[in-house]
Amino acid sequence: MNSTTPDPTTPARSRPQPDGRRFWPTVTAVASASLMLPFSVTGAAVALPRMAADLGSSVGGAQWLLNAFNIGFAALPLAAGGLADRYGRRRVLLAGIGLVGAMSLLVALAPSMALVDAARAVQGCGAAAVLASGAAVLAHGTSGPRRRLAFGILGTSFGTGLAIGPPVAGALVEGLGWRSVFLLVAGLSVPAGLCATRVPESRSPGVPAVAAVATLPAVPAVPADGPGRPPLDLAGLALFTSGLAALAFGFARATTDGWAAPAPLGLFAAAGLLVLLFAVVELRRADRALFDVRLFGRPEFLAVVCQPFTVTLGFVVLLVYLPTYLQGTAGLGTLDSGLLLLPMTAPVLLLPLVAGRLADRTSVRAVLTAASILIAAGALLLTTLDGGGSWAALALPLLPFGVGVGLAFGVMDNAAVSTVPVERAGAAAGVFNTLRITGESVAVAGAAALLSSLTAARLRAGGLPDGLVTDGGTAASGTMARGTAADLAGRAVVQGQVAPGQRAAVAEAFTGAFHTAGLLLAALSAIGALLTWRALRPSSAPLRPSSAP
């Protein structure tokens, strides 16, 4: 069944509304709300060095500015998509906008990093609601060419936040202080909320969790928390969130304690056990599950929802940690480090609409495979990265990254929701965004641990002198302790803070760590390109942008 063709068994009010005078208000509301999300990530990353110094944060506390947001952001799209289908997509969208804005205001006023981290966790939950409900609103309220246009505009909105986030945040930090970055996000939530009040309400009453997947067998009815509404999978949500949190805690401890220390190993084991329990619970709950495994019965859906792991993994690592690299090792200001990211972020602003047209002329298979190849090329070119190099030398690896991600952003969201009937758009958007943001969350936490450990290893191999003075104190006489190198590396990678007397040594070690990470990312992206090409081959029902009326 085509994803835009109404199912005659579906209640009329759950079918797509005809495109008309409400198209532009709907698209404007979702795009303006979505603009806040990438800026909440890029702005925080650029502001983090100044913020950590002002609040006297430890390396771990600073790292949780990013991790806390990402855990809520990654864990809740599934629940938010289900809530949107049950209780109203506009209602969930408005709630998400309110949470993002209110928590941004709280961060701007916070006196300590502990309060900042708590507010960022709640803000991530709001961001998940915006992400899942926004995609469902567009899928429900548009069809045919207008759906392609709507999702192209959504990709452009994300691209705008990614492109302008670093330079705008840098200018704000240098001119008005780091708190102004979060005040701006709080201000953006006001017009976004006003626009969202004009979005027509929609929901999917009485639709079982998997009945919309036409190729799968029917399942028996289940108890509901309301008329025709399966109960929320609280057990699955708790296990998934706990597993993701344990994994992030493990990476955070690995940054300071090392990968083989008891604490990170125990946390990694706990994360694996929780994820295993989550899988068991979801299989037993069947159609009532939070993570609807029946959606993966469509090969094209499986290929699309796994795509973000190869498309955005390297991009988000550079977006978060390249500013700290440039500020810490090259001594650049926040504005300059933000501007130097433009070769990577500008294409993400310009290409999503072009990508939709390219996919229409060729296929989503061709566009997504090309995106992974470009990202692999950019990752390989990271071996030329040099903090003291020219702007052109830095742009060489960043431009392929930006072009690849810009192409993918224009087709991924539409491809994900177009592989299932529209009344299950909320669930499909939830699964897709959960996997996308989970990959990004793991990448942010894991990259901090990887870059820190590689940098620390290079510092120790370089034979730093005994009694090295750092911001955290002096190493004991006669011991060039591992903790000293780890402290220097953690502050450089996470906070962008390097003592002037140690800048040359740290810059060399941090640069070498980025070179190694680039080789790993290149291999992963190349594998992703091959798997995408095979998974979306024509013999497996080729996926093209939805164009049915």
Side-chain angles (χ1 to χ4, degrees), residues 33 35-76 95-130 161 165-166 168-190 192-193 241 245 248-249 252 255-256 319-321 323-324 327-328 333-335 337-338 437 441 444-445 448 471-472 490-491 493-497:
L35 179 64
M36 300 187 298
L37 308 187
F39 192 83
S40 295
V41 176
T42 58
V46 172
L48 180 56
R50 192 76 60 86
M51 188 178 183
D54 186 30
L55 297 178
S57 172
S58 65
V59 172
Q63 188 173 349
W64 276 100
L65 171 75
L66 304 173
N67 288 348
F69 179 90
N70 286 332
I71 288 173
F73 200 12
L76 294 182
I97 293 170
L99 276 179
V100 172
M103 292 303 103
S104 293
L105 181 61
L106 183 57
V107 171
L109 301 176
S112 67
M113 187 60 78
L115 182 57
V116 166
D117 291 343
R120 288 279 289 175
V122 179
Q123 187 184 36
C125 299
V130 171
V168 170
L172 287 173
V173 170
E174 292 194 357
L176 300 174
W178 63 265
R179 296 181 189 273
S180 61
V181 174
F182 300 95
L183 286 174
L184 176 60
V185 176
L188 289 173
S189 68
V190 176
T241 305
F249 269 111
T255 301
T256 55
L319 197 65
V320 171
Y321 295 111
T324 62
Q327 293 177 48
T334 52
L335 177 58
S337 63
I437 305 304
S441 176
V444 169
D471 292 339
R491 290 179 179 273
V493 172
V494 177
Q495 298 175 310
Q497 298 176 1

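The residues of the chain are indexed from 1 along the displayed sequence.
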Shortest non-hydrogen contact from Ala127 toward Phe69
CB-CZ, 3.8 Å
ring-ring contact (aromatic ring centres under 6.0 Å, His included) with Phe182: which residues, sequence neighbours excluded?
none
Pairs touching residues 118-127 that satisfy side-chain hydrogen bond (donor to acceptor under 3.5 Å, both in side chains), sequence neighbours left out
Ser104-Gln123, Arg120-Gln123
Tell me, do Leu184 and Val168 make a side-chain contact under 4.5 Å, heavy atoms counted?
yes
By side chain to side chain donor-acceptor pair (under 3.5 Å) - contacts of Thr324 (at least two apart):
none
Here the pair of heavy atoms bringing Ile97 nearest to Ala192 is CD1-O, 3.8 Å
Pro166 to Val46 - nearest heavy-atom pair and separation:
CA-CG2, 3.7 Å
Can you name the residues that form a side-chain contact (heavy atoms from CB on, under 4.5 Å) with Ala129, not counting sequence neighbours?
Ala80, Val92
Side-chain (Tyr321) to main-chain (Ala45) donor-acceptor, under 3.5 angstrom
no
Which pair of non-hydrogen atoms, one from Ala68 and one from Asp117, has the smallest distance, and what is that distance?
CB-O, 3.4 Å
Under the side-chain contact (heavy atoms from CB on, under 4.5 Å) rule, what do Met103 and Val185 come out as? Steps first, then yes or no, please.
CA-CA 9 Å; Met103 292 303 103; Val185 176; over 6 Å; no
So which atom in Val100 and which in Gly126 form the shortest heavy-atom distance, rounded to 0.1 Å?
CG2-C, 3.6 Å
For Val320 and Pro323 the tightest heavy-atom approach is O-CD, 3.6 Å
List the steps, then state whether side-chain contact (heavy atoms from CB on, under 4.5 Å) holds for Arg50 with Val181.
CA-CA 12 Å; Arg50 192 76 60 86; Val181 174; over 6 Å; no
Output for pair (Leu183 CG, Leu172 CG), nearest 0.5 Å, gives 9.5 Å
Here the side-chain hydrogen bond (donor to acceptor under 3.5 Å, both in side chains) pairs for residues 173-189, sequence neighbours left out, are Asp54-Trp178, Glu174-Thr334
Would you please name every residue forming a side-chain contact (heavy atoms from CB on, under 4.5 Å) with Ala171, sequence neighbours left out?
Leu335
Distance from Ile71 atom CD1 to Leu66 atom CG, nearest 0.5 Å?
11.0 Å
What's the spacing between Leu188 CG and Leu37 CG if we round to 0.5 Å?
10.5 Å
